[in-house]
Amino acid sequence: MKNIFLIGFLALSLTGFAQEKTVKKTSNFETITVGGGCYWCVEAVYENLNGVKSVVSGFAGGKTANPTYEEVCTGTTGHAEVVQITYDKTITDINEIFRVFFTVHDPTTLNRQGADVGTQYRSVIFYKNPEQKKAAESIIAELNKAKVYNSPIVTKVEPFTKFYKAEDYHQNYYSNNKNQPYCKMVIQPKIEKFEKVFKDKLKKK
């Protein structure tokens with residue numbers, strides 16, 4: 001991946017994707033569900049994005065009802081590890097959510113992120129409305145056109161059906177386990193990259 005170009009492209013060029021305005025009054029909060037490898041990594045990043053109200057780790061896109069983590073790890077349930085992000089549209093928007101998404105994981109590796117291999121680690125966006133679908137397809141098309149990555153993006157864009165929350169010990173995993181080797185070697189570098197690229201979008205601590 002051409003990191004320098006990616007940072008500039010995502011930070012500047014994609015800010016023009018505008019969501020369609022609605023006439024009727026709606027809630028300021030919206031939810032989107034995305035999968036980009038191990039949900040511990042994705043959750044830890046979005047928890048620091050200004051405007052994000054909550055991030056919940058779980059599973060989506062499979063055929064088994066109420067799957068356990070152990071079942072999903074077998075790769076037989078069809079689920080992907082995902083995070084369900086609820087954000088305040090007056091502070092951030094779906095395009096920024098996607099810019100973060102395509103910065104902190106590799107969307108060109110099929111069913112794999114680093115050493116995490118299997119369909120449960122696939123890159124996927126589960127959209128809940130036409131605006132989310134349009135925004136997802138637009139950013140993917142623009143990234144591919146600009147050849148930001150050395151290979152084509154394999155991220156799937158699918159309609160949202162059902163989200164299953166993962167077990168409690170998976171929630172806020174990085175915050176609760178910062179000294180674990182996986183957190184230090186895999187999650188921390190993603191957070192550092194996110195903080196560098198989106199330094200003006202971080203929550204105030």
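What you see is a predicted model, and the numbers here were worked out from it, not measured in a lab.
Residues Asn28 and Ile91 fail the side-chain proximity criterion, which asks for heavy atoms closer than 4.5 Å. Between His170 and Tyr39, the closest side-chain pair of non-hydrogen atoms falls below 4.5 Å. In this structure, Val104 and Lys193 have side chains that are not in contact, with every pair of non-hydrogen atoms separated by 4.5 Å or more. Residues Tyr87 and Ser54 fail the side-chain proximity criterion, which asks for heavy atoms closer than 4.5 Å. Here the side chains of Val154 and Pro107 are not in contact, with every heavy-atom distance at 4.5 Å or above. With contacts defined as side-chain heavy-atom distances shorter than 4.5 Å, the pair Glu30/Thr86 does not qualify. In this structure, the side chains of Lys165 and Asp168 come closer than 4.5 Å at one or more pairs of heavy atoms. When side chains are defined from C-beta on, Phe194 counts as touching Leu202, because their heavy atoms get closer than 4.5 Å.
Note on residues 106-139: no pairs pass ring-ring contact (aromatic ring centres under 6.0 Å, His included), not counting sequence neighbours. Residue pairs that meet the side chain to side chain donor-acceptor pair (under 3.5 Å) test with at least one member in residues 153-164, sequence neighbours left out, are Ser123-Thr155.
Looking at Glu70 and Thr74, their side chains never bring a donor and an acceptor atom within 3.5 Å of each other. Residues Thr77 and Glu71 bring no donor and acceptor atom of their side chains to less than 3.5 Å of each other. No hydrogens or angles considered: a donor-acceptor pair under 3.5 Å links the side chains of Thr33 and Lys128. Side-chain contact, Tyr182 with Asp116: a donor N or O sits under 3.5 Å from an acceptor N or O.
Ring pair Tyr46/Phe101: centre-to-centre distance not below 6.0 Å.
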Between Thr103 and Val100, is the side-chain contact (heavy atoms from CB on, under 4.5 Å) condition met? List the steps.
CA-CA 5 Å; Thr103 298; Val100 172; 5.7 Å; no

Take Ile139 and Arg99 through the test side-chain contact (heavy atoms from CB on, under 4.5 Å) and record every step on the way to the result.
CA-CA 8 Å; Ile139 190 172; Arg99 289 197 293 274; 4.3 Å; yes

Kindly determine whether Tyr173 and Gln180 satisfy side-chain contact (heavy atoms from CB on, under 4.5 Å), including the steps that lead there.
CA-CA 10 Å; Tyr173 189 85; Gln180 292 288 342; 4.2 Å; yes

Glu142 and Ser138: CA distance, side-chain angles, deciding distance, side-chain hydrogen bond (donor to acceptor under 3.5 Å, both in side chains) verdict
CA-CA 6 Å; Glu142 289 293 325; Ser138 294; over 6 Å; no

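What you find for Ala135 and Asn95 is that their closest heavy atoms are CB-OD1, 3.6 Å. When all heavy atoms are compared, the tightest approach of Ala44 to Tyr174 is CB-CB, 3.7 Å. Counting all heavy atoms, side chain and backbone alike, Lys178 lies closest to Cys183 at O-CB, 3.9 Å. Between Thr108 and Ser151 the shortest heavy-atom distance is CG2-O, 3.2 Å. Across Pro67 and His79, no two heavy atoms sit closer than the pair CG-CE1, 3.6 Å. The minimum heavy-atom distance linking Cys38 with Glu81 is given by the pair CA-OE1, 3.5 Å.
At distances below 3.5 Å, at least one donor-acceptor pair connects side-chain atoms of Gln171 with backbone N or O atoms of Ala166. Of the possible polar contacts, none joining the Gln84 side chain to the Val55 backbone as a donor-acceptor pair under 3.5 Å is found. Using a distance-only test at 3.5 Å, with no hydrogens or angles considered, a donor-acceptor pair links the side chain of Asn144 to the main chain of Ile153. Judged purely by atom type and a 3.5 angstrom limit, Arg122 uses its side chain to pair as donor or acceptor with the backbone of Thr119. For the pair Asn129 (side chain) and Gln132 (backbone), a donor-acceptor distance under 3.5 Å is present.
Using bins of under 30°, 30° to 60° and over 60° for the plane-to-plane angle, the ring pair Phe102/Phe98 lands in the perpendicular bin. Classified by interplanar angle (parallel below 30°, tilted 30° to 60°, perpendicular above 60°), the ring pair Tyr69/Trp40 is parallel.
Counting side-chain heavy-atom gaps under 4.5 Å among Ile, Leu, Val, Met, Phe, Trp and Tyr, Phe29 is found in no cluster with other residues.
Taking hydrophobic clusters as Ile, Leu, Val, Met, Phe, Trp and Tyr residues chained together by side-chain heavy-atom distances below 4.5 Å, Phe198 shares a cluster with Ile191. Hydrophobic clustering (ILVMFWY, side-chain heavy atoms < 4.5 Å, transitive): Val124 and Ile32 are in distinct clusters.
Around atom NZ of Lys203, more than 12 heavy atoms belonging to other residues, nucleotides or ligands sit under 6.0 Å away.
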